[in-house]
Structure formats: C-alpha cells, structure tokens
Amino acid sequence: MLNARAQKLIVLKNNPELNKQARLQCVGASFHDLEGPFMLRRMTPYLFVLPLLGFIAVFTYIPIAQSMNLSLREWDFLSPTKPYVGFDNYRLLLDSREFWNALRVTAIFAIISVPLRLLLALFIANQLLRETLVSRLMRGALFFPSVTSTVAIGVVFSWVFSTDYGMMNALLSSFGLPKVAWLQEPHVALWVLIFVNTWKQLGYDIIIYIAGLQAIAPELYDAAAVDGGRKAHVFRRITVPLVMPTTYFLLMISVIEAFQVFTIVDVMTKGGPAGATDLLVNMLYRVGFNLFDIGVGSALAVLLFAFLITLAVVKSRVIGRKVHYEA
C-alpha cells in the first residue's frame, strides 16, 4: 500500500496539466504558504540598499529640502524664530549686483577651464596610452595632484604666485622682466585660479580618458593603417567619435565641479581683488557663514542647484543624443 504522499506524487506525475494552485494542493500546500518566502525574496535586494538610501536621504535629500525651506525664511543662526518672508530672499539676491558679478565670473571660469581640461586630458591620454614604464610613471605623476589636499595646493601656489617672493616673479626677474601681481591684479587673478584648478583636476580626466581609449578596438586602427590613414585623420575620425561617451561623462562632472569650486578661491584670493574671482560658492559661503544671512545664502544655494539641474538636462538633450554607445 502506498502512503498518501506517494499517491499525491503519482497524481502530479500523471497529470502535468494541473495548474499551479492544484499542484500545490496535491502536495498538501497552499499558494499562501509560499507567499511569505516569495515576498521576502523579492524584498531582499531592497533591504540591502536600504542603509545606503537612508544615508543619501539624511545627508542629501533632507538638507536640500531644508535649504529650500530656509530660503523662504529670515534667519541669522541665533534667532529662535524663523519668520516666513516668501520670495523676498530671491528678489534681494536677483537685485544684487554682487550676485550677477559672481555668476559672470563663474561662467567665465567654467567656459575656459572645462574645454581646456578636456582637450589637454585627451591629448595627453592619447600620448600615454602605450603600456610602458615611462607612461605608467607619468600617469601616476599626473594623477597625484587630483588626490592631494586642495588646501595644500592652494597654499603652495599662493607662495608660487606671491608678488614679493614667489617663484614665478623670481623666474621673470631672471629674464629681466618686471614683477607681476598675480593674485592682486583683477585681470590676472582669475587666470591663475583657472591654471591651478586645471593642474589639480587634469590627472583624473587623463585616467578616465585612458580607460575610454583602451576600450576602442585595435582592429579599427589596424584597418586605418592599412588604408594609409594619417595619425591626425585617424585621431579625428576614429578616436574622437568613439571616445565621445567618456567625453560626455567628463563634460558633465567637469561643469558641475567648475560651478562648485570654493577651496582654491578661499585659500588663494578670498574672491578678490575687487570681486574678480568671486565665484558663486564663495559668495554663498560669505553670505551664509560670514554675514549669517542664512535665508539669502539658502536662496543662492537653491538657485545654483536649479541652474545645475537645468544645465544637466539641456546638455543631456543637446549633446547626449549625439553620443553613441557600443552594444
């Protein structure tokens, strides 16, 4: 005599057309018996990322919401009350010549520094593509500034470009040229900051470009060589189009980084002379943490956030459509 479970297994074997509910009932189970473990399996990935989502919420989304709230209020860090003032902080900011000057200086900084960084990085990365000892040493040397303290870099270059005892003026004096007030001349100070920021960030861009260039199939270069293609022509027709995804990525993060530059400015010029290097984040820090006008400072932060989001969307629509990724 077969026991009851064996008989149920025989029924299952001889009736493969039974639906899922009937098959579960045949073995003495119900659909709801598996619902709990099934839901747990579906929720397991979300449980793993839940700590990270909580971290992002606490340190990103909640501060953004708080900044938006403070931008509509008047507060000085000390007052127990935060009266609601509506959009007065935004109107005060948009009527300020200081804000428009900071926006202009930041735009000039980004327009010059970002293309300069990308062009230099692509050219140098193309030269360091071969796996030789010299190339590896050069990659490390160029990448080192990007992981060095920005404060330390700012202090060192403040000495380098010092009017009285700086290395640059000592070099000019050795050729009989007059000294230059690198950090005190309004028409020169911004160019110094662009140079220092480019020098610091260039190594990161080079490493990313090298990774993008190494992903290009060597057969394409071999075919171009067989066809007698010149180096400049191959670079323009093969390298540049196929490295566009990398260029697009670096363009996105470089523009955001350019609009968020603060430490170099704070260490070297403090936004001077005469506002010539007063970038938006430097103005935000001064308004919020020196003048203790948290409402206007938060309004400036919200405007900067909205501007960067808008700029990212525009770049995605205009440039992103022209970027082709390999399958």
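Note that these values count all heavy atoms, side chains included, but never hydrogens, waters or copies made by symmetry.
Lys315 contributes no side-chain N or O that, together with a main-chain N or O of Tyr248, makes up a donor-acceptor pair within less than 3.5 Å. A distance-only check finds no donor-acceptor pair linking the side chain of Thr263 to the backbone of Val151 [under 3.5 Å]. Checking side-chain atoms of Asp293 against main-chain N and O of Gly288 turns up no donor-acceptor pair under 3.5 Å. The backbone N or O of Phe143 sits less than 3.5 Å from a side-chain atom of Ser146, completing a donor-acceptor pair. Judged purely by atom type and a 3.5 angstrom limit, Ser254 uses its side chain to pair as donor or acceptor with the backbone of Leu250. Thr81 places no side-chain N or O within 3.5 Å of a backbone atom of Pro83 that could act as its donor or acceptor partner.
Here the closest heavy-atom approach between residue Asn169 and residue Thr163 is recorded as ND2-O, 2.9 Å. Smallest separation of non-hydrogen atoms from Thr246 and Gly212: OG1-CA, 3.6 Å. Closest non-hydrogen pair, Ala224 versus Val234, comes out as CB-CG2, 3.7 Å. In plain terms, the two heavy atoms of Pro178 and Leu172 that are nearest each other are O-CD1, 3.8 Å. Heavy atoms only, all atoms of each residue included: Leu142 and Ile206 are closest at CD1-CD1, 3.6 Å. Between Ala125 and Ile210 the shortest heavy-atom distance is CB-CG1, 3.7 Å.
Leu308 contributes atom CG, which lies 10.0 Å from atom CE of Met252 (distance to the nearest 0.5 angstrom). Atom CZ in Arg104 sits 11.0 Å away from atom CZ in Arg97 (nearest 0.5 Å).
When the side chains of ILVMFWY residues are joined at heavy-atom separations under 4.5 Å, either directly or via intervening members, Phe59 and Val49 end up in two distinct hydrophobic clusters. Ile64 and Leu300 fall within the same hydrophobic cluster, defined by Ile, Leu, Val, Met, Phe, Trp and Tyr side-chain heavy atoms under 4.5 Å apart, directly or through other members. Residue Ile208 is grouped with residue Ile319 when hydrophobic side chains (ILVMFWY) are merged at heavy-atom distances under 4.5 angstrom, including chains of intermediate members. In the hydrophobic clustering of ILVMFWY residues, with side-chain heavy atoms under 4.5 Å counting as a link, Met168 and Trp191 come out together.
Side-chain contact between Trp199 and Ile153 is present, with at least one heavy-atom pair separated by less than 4.5 Å. Side chains of Thr310 and Phe305 form no contact here, defined as non-hydrogen atoms less than 4.5 Å apart. Inter-residue side-chain proximity for Met167 and Trp159 is flagged as unmet; no heavy-atom pair is nearer than 4.5 Å. You'll find the side chain of Thr150 reaches within 4.5 Å of the side chain of Ile264, heavy atoms only. Residues Tyr46 and Leu50 have side chains not in contact (no heavy-atom distance under 4.5 Å, counting atoms from C-beta outward). Looking at heavy atoms from C-beta onward, Leu118 lies out of side-chain contact with Phe123 at the 4.5 angstrom threshold. Between Trp75 and Phe292 the shortest side-chain heavy-atom distance does not fall below 4.5 Å. The closest side-chain heavy-atom distance from Val267 to Phe157 is not below 4.5 Å.
Taking the six-membered ring wherever Trp is involved, the centroid distance between the rings of Phe109 and Phe259 does not fall below 6.0 Å.
Between the side chains of Thr277 and Thr269, at least one donor N or O lies within less than 3.5 Å of an accepting N or O. Between the side chains of Arg73 and Asn69, a donor-acceptor pair is found at a separation under 3.5 Å.
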_Applying ring-ring contact (aromatic ring centres under 6.0 Å, His included) to Phe262 and Tyr285, what does each step give before you reach the verdict?_
CA-CA 9 Å; Phe262 167 71; Tyr285 178 84; 5.0 Å; yes
*How far apart are the C-alpha atoms of Thr106 and Leu304, what are their side-chain angles, what is the distance that settles it, and do they pass the side-chain contact (heavy atoms from CB on, under 4.5 Å) test?*
CA-CA 11 Å; Thr106 306; Leu304 179 59; over 6 Å; no
*What do the steps show when you test Arg286 against Asp278 for side-chain contact (heavy atoms from CB on, under 4.5 Å), and what is the final call?*
CA-CA 10 Å; Arg286 184 176 63 256; Asp278 192 18; 2.8 Å; yes
*Checking side-chain contact (heavy atoms from CB on, under 4.5 Å) for the pair Leu213/Thr239: CA distance, chi angles, key distance, verdict?*
CA-CA 7 Å; Leu213 291 170; Thr239 303; 3.3 Å; yes
*Stepwise, does the side-chain contact (heavy atoms from CB on, under 4.5 Å) test hold for Val85 with Leu72?*
CA-CA 6 Å; Val85 296; Leu72 304 175; 5.8 Å; no
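The pair Arg117-Glu257 meets the salt-bridge criterion, with a side-chain N (NZ, NE, NH1 or NH2) lying under 4.0 Å from an Asp/Glu carboxylate O. The pair Asp164-Lys179 fails the salt-bridge criterion, with no side-chain N (NZ, NE, NH1 or NH2) lying under 4.0 Å from an Asp/Glu carboxylate O. A salt bridge links Lys270 to Asp266: one of the charged nitrogens lies within less than 4.0 Å of a carboxylate oxygen. A salt bridge is defined here as a Lys NZ or Arg NE, NH1 or NH2 lying under 4.0 Å from an Asp or Glu carboxylate O, and Lys82 with Glu74 fails to meet this definition.
Tested against Val296 for a side chain to side chain contact (heavy atoms under 4.5 Å, CB included), the candidates Leu70, Leu93, Asp88 yield a single pass: Leu93.
Atom CD of Glu185 is surrounded by more than 12 heavy atoms from other residues, nucleotides or ligands within 6.0 Å. Counting heavy atoms of neighbouring residues, nucleotides and ligands inside a 6.0 Å radius, atom NZ of Lys231 does not exceed 12 of them.
Here Arg236 pairs with nothing under the salt bridge (charged side-chain N to carboxylate O under 4.0 Å, His left out) rule; sequence neighbours left out.
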